[in-house]
Amino acid sequence: MPPRDPLPDNGELAAVFQTIADYLSLDGASVYRTLAYEKAAESFREHPTSVAELALRGELRTLPGVGQAVESKVAEYLEGGTITMLEQLRATYPEGVLDLMRVPGVGPKKAKHLWTTLGVDDLHSLREAAEQGRVRGLPGMGAKTEANLLRALAAAESRSDRHLIGAVEPTAERLAAALRALPCVDQADFAGSLRRRRSTIRDIDLVAASAEAEIVMDAFDALPEVASVQERGATKLVARTHSGFSVDLRVVAPEAYGNLLQHSTGSADHNVALRGYAQRSGYKVSEYGIEETATGRTIACRTEREVYATLGLPWIPPELRENRGELEAARENRLPRLVTLADLRGDLHVHSDWSDGRATIVEMARAGEAAGLEYICFCDHSQSLGMGKGLTPDRVLSQIAEIRAVGVTVPGISLLAGSEVDILADGRIDLPDEVLAQLDFVTASIHSGFQEPVDRIMRRLTAACENPHIDAIGHPTGRLLGRRDAYPVDIDRLVTLAVETHTILEINASYHRLDLSAAHARLARDRGARLMICSDAHSPGGYDALRFGVGEARRGWVEADDVVNTWPLDRLRVSRAGPSH
DNA sequence: GCCGTTTTCGGCCCGACTGTTTTCAGTCG
């Protein structure tokens, strides 16, 4: 039987094997077996080229975590679009039970129990059961569990229809590139919240410059990533991609491309404010041009810069367009000189396979060098991190030696030895001071006790900031976008503390975190706190995340000098030996 | 289920925390 056409992409294969893993955990399979399927899913997700083609060439087992069982299941899926074992699991458990496991506090055991004893088979029936007080009767589940469930469900619902920027951007980039490749298209870009670098995005806004809107829209409709077109007018269409994103495409004549790009980039608040400002200066702004009210003359702008220039303003970076003072700043010529990706000289938060990273110190060093970095700091987890992967004091000392040794063999990049040390629930730091003192740079993070009240959390953060060996606080609020809210942090007090103790606050660039958030980063920066934008890379490709961190920082009006990893290493070293240490 | 100079079986995934317990199961990182 010939393989399916078109071949499934890596994301689809990863999703299939992740689903098998989820079902197996529900089914009570061995943890190792479940983990094996998860590992295969991750391998597929991470692989840069087509996994399906790799399988057809018989080379699938070159991927880490793929053995005989996974290989034959991929083959089965490529042939028939289905896997017998998965179908059997589907027949046993309603698909909605898997959703239950994504609610914080519900794992496979509770999900299965909720289903077998209460008949709860999706999020909706879980909410009903909790509201009716039926959950608290189950063994191991009391009134508090029930209340936590309801809170988690409410939080999950309020963020349901937004996607993470890192999940959306590759699709948006491919679609924009496909438009640019059309002969009748002069220019095309994504606009909207994605261009403003918001951390979550509802839909993809695309704009194209062309005199042939019909042809552009026909071609777009025919793209392999486009699943269906819901609405279509003369210059605008709304479509859905196979990856589940909603896309708005607007086409305008090249003469007015700047107007459309500006209009579609938004935000709505920025545009309302801009139009008000324009009106007072005698202009009317729309996506088709700027009308001079006195003469009725319309000025079409090919570029966005012309739009702002026509109104007597400098170009405003998209990340600032939220009506949070950017118009006043532009008018008074005091827009910030926002930090850029090119400004970053180093990355102070990188993992290796010494803890939960997937690559060796050499591999991470080479990849950092290839990413254009001058220095990186290995901050592997300390002993309390689970999975037995955190480093004991002895292992930390061995790792320091290894980093020094590798540093000699990879001369193009400076390697620092650090740690991402846990701030334990009682405020203790997970490594003794004499070990911390050996390290070049120490970041302290909270990885447990998220439910604690704000004063307990603050006591822990205070202890970390006041420890002279600790240089930075990692992902300071612990939020996981779309999955988990921040633990309660009094950000005002944390920033004050950071300034007083010269502790750096991280903007963790992983698009699952982006923590500090833009709003918090702006507060920190206004108060003179030092920041760092770090990838938290766990693999060679992980440095890619830096651009998301830069986007979040720019939304927080952060300039290069506010960010210590834009500094040359010498300046960073001097500062570490400075007054606070 | 995967892996391998400790090698074809037996490790791998441990410790903290929460909420419910009267000694611990489930969840999370």
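A, B, ... follow the sequence lines: proteins, then strands. Residue 1 opens every chain. Hydrogens, waters and symmetry mates play no part in the numbers below; they use all other heavy atoms, side chains included.
- Atoms CG (A:D27) and P (B:dG1) sit 12 Å apart, rounded to a whole Å.
- Atom name C1', nucleotides B:dC13 and B:dC3: the rounded distance is 15 Å, in whole Å.
- The distance between atom CG of A:L35 and atom C1' of B:dC13, rounded to the nearest whole Å, is 8 Å.
- Annotation: ring-ring contact (aromatic ring centres under 6.0 Å, His included) contacts of A:H349 (sequence neighbours excluded): A:H351.
- Remark: the separation of the P atoms in B:dG26 and B:dG11 is 25 Å, to the nearest Å.
- Spacing between atom CD of A:E38 and atom C1' of B:dC13 amounts to 12 Å, rounded to whole angstrom units.
- Straight-line distance from the NZ atom of A:K39 to the P atom of B:dC13: 10 Å, rounded to whole Å.
- Atom CG in A:L89 sits about 11 Å away from atom P in B:dG1, given to the nearest Å.
- Considering only side-chain atoms of A:A69, the nucleotide from B:dG1, B:dG19, B:dA16 that sits closest is B:dG1.
- Take the nearest nucleotide of DNA chain B for A:L138 and for A:L424: the residue whose nucleotide is more 5' is A:L424.
- Nucleotide B:dC12 has B:dG1 as its partner under the Watson-Crick or G-U criteria, with both atom distances under 3.5 Å.
- Taking atom C1' on both nucleotides, B:dT23 is separated from B:dT18 by 15 Å, rounded to a whole Å.
- Ranking B:dG19, B:dT18, B:dC2 by closeness to the A:N148 side chain, first place goes to B:dG19.
- Using the six-membered ring where Trp is involved, A:F17 and A:F44 have ring planes that are perpendicular, over 60° apart on the 30 and 60° scheme.
- Within a 6.0 Å sphere centred on CZ of A:R61, other residues, nucleotides and ligands contribute more than 12 heavy atoms.
- When each of A:N508, A:D562, A:I507, A:L348 is paired with A:M532, the side chain to side chain contact (heavy atoms under 4.5 Å, CB included) condition holds for A:L348 and for no other.
- One finds no side-chain N or O of A:T145 lying less than 4.0 angstrom from the OP1 or OP2 phosphate oxygen of B:dT18.
- Considering only residues two or more places apart in sequence or on other chains, A:K110 meets the side-chain contact (heavy atoms from CB on, under 4.5 Å) condition with A:V106, A:M141, A:T145.
- To the nearest whole angstrom, the two P atoms, one in B:dG15 and one in B:dT20, are 26 Å apart.
- Separation of the C1' atoms belonging to B:dT8 and B:dC2 is 12 Å when rounded to the nearest angstrom.
- Shown here are the side-chain contact (heavy atoms from CB on, under 4.5 Å) partners of A:S398, two or more places apart in sequence or in another chain: A:W354.
- The separation between A:E71 atom CD and B:dC2 atom P is 10 Å, rounded to whole Å.
- In this structure, A:D356 places its CG atom 13 Å from C1' of B:dC14, rounding to the nearest Å.
- Each of B:dC17, B:dT18, B:dG19 was ranked by its minimum atom distance to the side chain of A:E452; first place goes to B:dT18.
- Residue A:A36 has its side chain nearest to B:dG1 when only B:dC13, B:dG19, B:dG1 are considered.
- Contact annotation for A:A147: no contact, since no heavy-atom pair falls under 4.0 Å across all strands.
- Using a 4.0 Å cut-off, no side-chain N or O of A:Y32 falls inside it from OP1 or OP2 of B:dC12.
- Rounded to whole angstrom, the span from the CG atom of A:L149 across to the C1' atom of B:dT20 amounts to 14 Å.
- Scanning for side chain to side chain donor-acceptor pair (under 3.5 Å) contacts around A:H512 gives an empty result, with sequence neighbours left out.
- Scored by the ring-ring contact (aromatic ring centres under 6.0 Å, His included) test, A:W115 finds A:Y93 as partners (sequence neighbours excluded).
- The nucleotide whose nearest atom lies closest to any side-chain atom of A:S384 is, among B:dC17, B:dA16, B:dC2, B:dA16.
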Produce the list of close N/O pairs, under 3.5 Å, pairing protein atoms with atoms of nucleotides 24-27 of chain B; give distances to one decimal.
unit_1, atom_1, unit_2, atom_2, d
B:dT27, OP1, A:G107, N, 2.4
B:dT27, OP1, A:G107, O, 3.2
B:dT27, OP1, A:K110, N, 3.0
B:dT27, OP2, A:K109, N, 3.2
B:dT27, O5', A:G107, N, 3.3

